[in-house]
2 protein chains.
Amino acid sequence: MSKLDQIDKKILNRLQEDSRTTTKELSSEVGISTTPVYERVKRLEKDGYIKKYVALVDKDKVERELTVFCQVSLKSHLKKNIQQFQEHMLGLPEVMECYHMAGNFDYLIKVMVRNMKEYQKFVVEKLTTTDVIDHVQSLFVMGEVKQETKFPLK
Amino acid sequence: MSKLDQIDKKILNRLQEDSRTTTKELSSEVGISTTPVYERVKRLEKDGYIKKYVALVDKDKVERELTVFCQVSLKSHLKKNIQQFQEHMLGLPEVMECYHMAGNFDYLIKVMVRNMKEYQKFVVEKLTTTDVIDHVQSLFVMGEVKQETKFPLK
DNA sequence: GTTGAAAGAAAAGTAGG
DNA sequence: CCTACTTTTCTTTCAAC
């Protein structure tokens, strides 16, 4: 599990932009032949640099046009409660991201739903059905400026 | 650009989990033969349901272990300033996400960097070099509970 | 690291039901 | 929608340098 050289980084940059890039294309872009490119990609997968390959779907097309961040505070910080809350989050498909935060509140979660009505339903019927939550504050997204999955390596 | 049926949804769910799933595998999972599966995938790409295929890289392995959310307020909300700020964000590779928010502040951005020292450098030398920013508040992530790119369709 | 070759798989297209 | 077949391309492995 050695460090990445410039060629590895170029490969990772390319695959982060388009994972369908073929070994052949990669090879001409990074300037080495297909065999070592193939071996490098396999190594990057094996060593865990590449976690997985996914298709990114347009949120508007699948009716998830409303994004809301929720700042959640728990009633207590007992390990039991933290665990219960985290498991609750893992089970909610509307929750795309969930972070344990330092500061004035405990968790920041990113929720993506169809519209405001669905969001209300989510908060009332799903989010707050676990009794470990004390307080929720919703921050509404009006517009998306940037949304990246790529870490540019250099 | 018609609506999705159950088969389309199954295909999208699968490709969101693993975009390397072959037409053959998809075909046995959704119960139709390879040719129509192939055509459905092409249609989903063409109609924009699938935006792109990407490799997801492990943030720890590429030295982006610190995640910080910044609540940014602008000095004024003149169109010119909004535009300048947004372009500034697009040019910063540490900024993974940027949202225009309703509420007490103007933008929420997700920044991923190596460590606290790098974050300080980012704030001082990069984020706040545009004169349209009035105020920045940093919210630090202690732990990641969930991080999803998949919209489960049903 | 490189090249080239080769077997196997998958993608992409075609034809007929 | 199905099966079946074809061509092309890519993946994967291997031998040799």
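These numbers come from the heavy atoms of this one structure, side chains and all, not from hydrogens, waters or symmetry mates. Reminder, nothing fancy here: chain letters follow the sequence lines and each chain counts from 1.
Within the cation-pi definition used here (under 6.0 Å to the ring centroid, within 45° of the axis), Arg64(B) does not qualify as a partner of Phe151(A).
In this structure, the side chain of Asp58(B) engages the main chain of Asp60(B) through a donor-acceptor pair within 3.5 Å. Within the 3.5 Å criterion, the main-chain N or O of Gly48(A) finds no donor-acceptor partner in the side chain of Lys61(B). Side-chain atoms of His88(A) do not come within 3.5 Å of backbone N or O of Thr128(A) as any donor-acceptor pair.
Bending across the helix from dG1(C)-dC17(D) to dG17(C)-dC1(D), expressed as the angle between its end axes from five pairs apiece, amounts to 10° (10° rounding).
Distance Ile7(A) CD1 to dT2(C) C1': 12 Å, rounded to the nearest Å. Nucleotide dC1(D) holds its C1' atom 13 Å from the CG atom of Asp8(B), rounded to whole Å. Arg43(B) has its CZ atom 16 Å from the P atom of dA12(C), to the nearest Å.
The line from CD of Glu65(A) to CE of Met116(A) is 13.0 Å long, rounded to the nearest 0.5 Å.
In terms of heavy-atom proximity, Leu90(B) sits nearest to Lys146(A) at O-NZ, 3.4 Å.
Ion pairing between Arg43(B) and Asp8(B) holds under the 4.0 Å rule for side-chain N and carboxylate O.
Non-hydrogen atoms lying under 4.0 Å from DNA chain C are contributed by Ile32(A), Ser33(A), Thr35(A), Pro36(A), all within residues 20-39 of chain A.
Side-chain atoms of Phe122(A) and Val68(A), non-hydrogen and from C-beta on, never get closer than 4.5 Å to each other.
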